[in-house]
**Student:** 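Provided herewith is a single structure, encoded as structure tokens, for subsequent inquiry.
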Amino acid sequence: MKRYALITGASRGIGRAIAIELAKDGCSILLNYKSNQAAAEEAKRLIEEAGGEAELMPFDVSQPDAINAALDAWFTAHPDDYIDVLVNNAGIVDDEIMLAMEPEQWHRVIDVNLNGFFYCTRRVIEGMVINHHGRIVNLSSISGQVGNVGQVNYSAAKSALIGATKTIAKELAPKHVTVNAVSPGAIETDMVRASEEYMPEYMRDISNIPMRRLGKPEEVAYLVSFLCSDRANYISGQVIGINGAAL
Ligand code: NAP
């Protein structure tokens, strides 16, 4: 039986690296993205080049109707399968200091980073529960652990993901479904470039990161790969930082 892994926001950055790594682990990848078709096609090509397989599954994680339409179609085409691995990775930033933040910026970031996690997880866990096996990994952030100037919306969403991770880890433990949060520091992707204006010194200036460099998307992917493996059967409800000793 094939093991299916849905990775949200897998067209670029950390999500793409996770998709490639899980494909190398033998998972068949459901590669979600929002709108960057070219990047998604390139991610799929890289997975296939590595000997894996992937199908594109575009939807906006903040739109429950779109999620349900995509997953209904998939479940109809795969009546005997379920999604064993869910990586809630899709995320955005829209930085502004609290004093100037518009309600739209607040809601947009909460909708994608937090509500997106809820909609996707709610739709996918039934199969894990019925099959008594599953892995959920939520991408939090160092910003959700210690705060970050200009990121009240993002910090709030990433911090909330930690609480949600711990709660559903407890709910799903009897069903052999593990749920963990991975909390990266500054990783070299488009997102970090977008946040540059508000990045505090300790993240922008690599001399303030004890390891003196940004992290690589692949390094986050290796951690997610381990958490999704049977070697991590007894690890659940945890927040695992990956930040070059920055926290
Ligand atoms: P990124 O390079 O900006 O890539 C974002 C990905 O999310 C893209 O695949 C994008 O799809 C997708 N996406 C955005 N909005 C979406 C939506 N509404 N529905 C579905 N997909 C959507 O981001 P990243 O740096 O790899 O970050 C990945 C995750 O790690 C995020 O949750 C982020 O908060 C977290 N994180 C990142 C860092 C860092 O330093 N980079 C640090 C801590 C935590 P399109 O290509 O279609 O736009």
Side-chain angles (χ1 to χ4, degrees), residues 6-21 29-44 46 54 56-67 70-71 86-95 107-120 137-148 151 153-162 164-165 181-196 198-200 202-204 206 209 213-221 223-224 239-244 246-247:
L6 170 60
I7 299 105
T8 65
S11 51
R12 295 183 280 124
I14 294 170
R16 177 191 283 194
I18 291 170
I20 293 170
E21 208 51 38
I29 304 299
L30 310 182
L31 196 156
N32 165 257
Y33 61 103
K34 185 183 173 196
S35 55
N36 194 335
Q37 172 88 16
E41 296 281 4
E42 173 65 4
K44 183 174 189 287
L46 290 169
L56 302 188
M57 192 182 274
F59 56 75
D60 182 337
V61 297
S62 70
Q63 302 297 323
D65 290 346
I67 296 169
L71 287 173
L86 171 63
V87 183
N88 287 301
N89 166 82
I92 58 165
V93 288
D94 191 347
D95 295 348
H107 289 296
R108 209 165 76 83
V109 168
I110 298 289
D111 276 349
V112 174
N113 293 279
L114 181 58
N115 295 339
F117 143 82
F118 171 75
Y119 299 137
C120 293
V137 178
N138 299 319
L139 269 289
S140 182
S141 166
I142 193 171
S143 180
Q145 294 180 286
V146 298
N148 193 10
Q151 293 196 322
N153 47 4
Y154 184 76
S155 299
K158 294 302 190 184
S159 188
L161 277 180
I162 292 175
T165 296
V182 164
S183 182
I187 309 296
E188 225 174 322
T189 70
D190 295 344
M191 177 174 283
V192 155
R193 292 181 269 278
S195 253
E196 206 159 13
Y198 287 105
M199 285 182 74
Y202 75 84
M203 288 175 85
R204 185 172 52 216
I206 57 165
I209 298 174
R213 65 174 178 86
L214 300 183
K216 299 184 174 76
E218 296 73 24
E219 291 171 320
V220 181
L223 172 58
V224 175
V239 182
I240 302 164
I242 175 159
N243 54 42
L247 173 62

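We count residues from 1, following the sequence as given. Because the structure is predicted, anything quoted here is derived from the model rather than measured. Both ligands and their constituent atoms are indexed starting at 1 by order of listing.
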**Student:** Tell me, with the steps shown, if Cys120 and Phe59 meet side chain to side chain contact (heavy atoms under 4.5 Å, CB included).
**Tutor:** CA-CA 11 Å; Cys120 293; Phe59 56 75; 4.0 Å; yes
**Student:** At under 4.0 Å between heavy atoms, which part of Asn32 makes contact with ligand 1: side chain, backbone, both or neither?
**Tutor:**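 Asn32 to ligand 1: side-chain contact only, backbone stays beyond 4.0 Å.
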**Student:** Please verify whether a non-hydrogen atom of Gly185 lies at under 4.0 Å from ligand 1.
**Tutor:**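 Yes.
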**Student:** Who gets closest to atom 25 (O) of ligand 1 by heavy atom: Ile18, Val112, Thr189?
**Tutor:**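 Going through Ile18, Val112, Thr189 one by one, Thr189 has the nearest heavy atom to atom 25 (O) of ligand 1.
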**Student:** Please report the interatomic distance CG(Asp60) to OG1(Thr8), rounded to the nearest 0.5 Å.
**Tutor:**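 Between atom CG of Asp60 and atom OG1 of Thr8 there are 11.0 Å.
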**Student:** For the pair Asn153 (side chain) and Asp94 (backbone), establish whether a donor and an acceptor sit closer than 3.5 Å, ignoring hydrogens and angles.
**Tutor:**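 Answer holds: yes.
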**Student:** At less than 4.0 angstrom from any non-hydrogen atom of Ala10, what atoms of ligand 1 do you find?
**Tutor:**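 Every atom of ligand 1 under 4.0 Å from some heavy atom of Ala10: 9 (O).
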**Student:** Nearest 0.5 Å, please: how far is CG in Asn138 from OG1 in Thr165?
**Tutor:**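 One gets 4.0 Å once the value is rounded to the nearest 0.5 Å.
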**Student:** Considering non-hydrogen atoms only, spot the tightest contact between Ile14 and Val220 and give its length.
**Tutor:**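 Heavy atoms of Ile14 and Val220 come nearest at CG2-CG1, 3.8 Å.
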**Student:** Within the 4.0 Å heavy-atom shell around Ile92, which atoms of ligand 1 are there?
**Tutor:**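 Selected atoms, number and element: 14 (C), 15 (N).
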**Student:** Determine whether the side chain, the backbone, both or neither of Ala40 has a heavy atom under 4.0 Å from any heavy atom of ligand 1.
**Tutor:**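 Looking at Ala40 and ligand 1, no heavy atom falls under 4.0 Å.
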**Student:** Is any N or O atom of Val61, backbone or side chain, closer than 3.5 Å to an N or O atom of ligand 1?
**Tutor:**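 Yes.
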**Student:** In Å, rounded to the nearest 0.5 Å, how long is the span from CG of Asn89 to CG of Asn113?
**Tutor:**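 It comes to 10.0 Å.
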**Student:** Can you list the ligand 1 atoms lying under 4.0 Å from a non-hydrogen atom of Val192?
**Tutor:**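 Reading through ligand 1 atom by atom, the close ones are 39 (C), 40 (O), 41 (N).
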**Student:** Give the atoms of ligand 1, by number and element, whose distance to some non-hydrogen atom of Asn89 is under 4.0 Å.
**Tutor:**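 In order of numbering, the contacting atoms are 28 (C), 29 (C), 30 (O), 31 (C), 32 (O).
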**Student:** Any non-hydrogen atom of Lys158 lying under 4.0 Å from ligand 1?
**Tutor:**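 For ligand 1, residue contact (heavy atoms, under 4.0 Å) with Lys158 is present.
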**Student:** Under 4.0 Å from a heavy atom of Phe59: which atoms of ligand 1 are those, numbered in the order shown and with their elements?
**Tutor:**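 By the 4.0 Å cutoff, the relevant atoms are 19 (N), 20 (C).
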**Student:** Can you list the steps and then say if Ile20 with Glu218 is a side chain to side chain contact (heavy atoms under 4.5 Å, CB included)?
**Tutor:** CA-CA 9 Å; Ile20 293 170; Glu218 296 73 24; over 6 Å; no
**Student:** Only heavy atoms of Pro184, strictly under 4.0 Å: list the atoms of ligand 1 that pass.
**Tutor:**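 So the answer, numbered in order with elements, is 42 (C), 43 (C), 44 (C).
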**Student:** Looking at every non-hydrogen atom in both residues, tell me the closest pair between Gly147 and Ser155 and how far apart they are.
**Tutor:**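 Minimum heavy-atom contact is CA-OG, 3.9 Å.
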**Student:** Run the side chain to side chain contact (heavy atoms under 4.5 Å, CB included) test on Glu42 and Arg16 for me, step by step, so that the C-alpha distance in whole Å, both residues' side-chain angles and the decisive distance to 0.1 Å come before the verdict.
**Tutor:** CA-CA 9 Å; Glu42 173 65 4; Arg16 177 191 283 194; 3.6 Å; yes
**Student:** Show me which atoms of ligand 1 lie under 4.0 Å from any heavy atom of Gly13.
**Tutor:**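 With Gly13 as reference, the close atoms of ligand 1 come out as 2 (O), 26 (O).
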**Student:** Take Lys158 and Ile142, measure what side chain to side chain contact (heavy atoms under 4.5 Å, CB included) needs, and give me the verdict at the end.
**Tutor:** CA-CA 8 Å; Lys158 294 302 190 184; Ile142 193 171; over 6 Å; no
**Student:** How close do Ser11 and Asn36 get, heavy atom to heavy atom, and via which atoms?
**Tutor:**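 Heavy atoms of Ser11 and Asn36 come nearest at CB-O, 4.2 Å.
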**Student:** Any idea which of Ile67, Ile187, Asn36 brings a heavy atom closest to atom 40 (O) of ligand 1?
**Tutor:**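 The nearest heavy atom belongs to Ile187.
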**Student:** Just to be sure I read this right, does ligand 1 sit under 4.0 Å from the backbone of Ala186, its side chain, both, or neither, counting only heavy atoms?
**Tutor:**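 Backbone only.
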**Student:** Please work out whether any backbone atom (N, CA, C, O) or any side-chain heavy atom from C-beta onward of Arg16 is under 4.0 Å from ligand 1, and answer side chain, backbone, both or neither.
**Tutor:**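 Under 4.0 Å from ligand 1, Arg16 contributes no heavy atoms.
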**Student:** Which of these, Ser183, Ser62, Ser11, Ala38, has its nearest heavy atom closest to atom 45 (P) of ligand 1?
**Tutor:**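 Residue with the shortest heavy-atom distance to the ligand atom: Ser11.
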**Student:** Keeping the roles fixed (side chain from Asn88, backbone from Gly116), state whether a donor-acceptor pair exists under 3.5 Å.
**Tutor:**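 Not a single qualifying donor-acceptor pair exists.
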**Student:** For ligand 1, which part of Tyr154 has a heavy atom less than 4.0 Å away: the side chain, the backbone, both, or neither?
**Tutor:**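 For Tyr154, the contact with ligand 1 is made by the side chain alone.
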**Student:** Hey, does Ser143 sit under 4.0 Å from ligand 1 if you only count heavy atoms?
**Tutor:**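 Contact check Ser143 vs ligand 1: negative.
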**Student:** Judged on heavy-atom distance to atom 21 (N) of ligand 1, which of Arg108, Lys34, Gln151, Gln37 sits nearest?
**Tutor:**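 Closest candidate by heavy-atom distance is Lys34.
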**Student:** If we only count N/O pairs under 3.5 Å, is Tyr33 in contact with ligand 1?
**Tutor:**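 No; the residue has no nitrogen or oxygen that sits under 3.5 Å from a nitrogen or oxygen of the ligand.
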**Student:** Please work out whether any backbone atom (N, CA, C, O) or any side-chain heavy atom from C-beta onward of Pro217 is under 4.0 Å from ligand 1, and answer side chain, backbone, both or neither.
**Tutor:**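 It is neither part, as no heavy atom is under 4.0 Å.
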**Student:** By number and element, which atoms of ligand 1 are closer than 4.0 Å to a non-hydrogen atom of Asp190?
**Tutor:**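 In order of numbering, the contacting atoms are 2 (O).
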**Student:** Which value, rounded to the nearest 0.5 Å, describes the distance between Asp95 atom CG and Gln151 atom CD?
**Tutor:**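 Atom-to-atom, Asp95:CG and Gln151:CD are 4.5 Å apart.
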**Student:** Rounded at 0.5 Å granularity, tell me how far CD1 in Ile187 sits from CG in Leu214.
**Tutor:**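 Ile187 CD1 to Leu214 CG: 7.5 Å, rounded to 0.5 Å.
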**Student:** Regarding ligand 1, does Gly9 bring an N or O atom to under 3.5 Å of one of the ligand's N or O atoms?
**Tutor:**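 Among all N and O atoms of Gly9, at least one is under 3.5 Å from an N or O of ligand 1.
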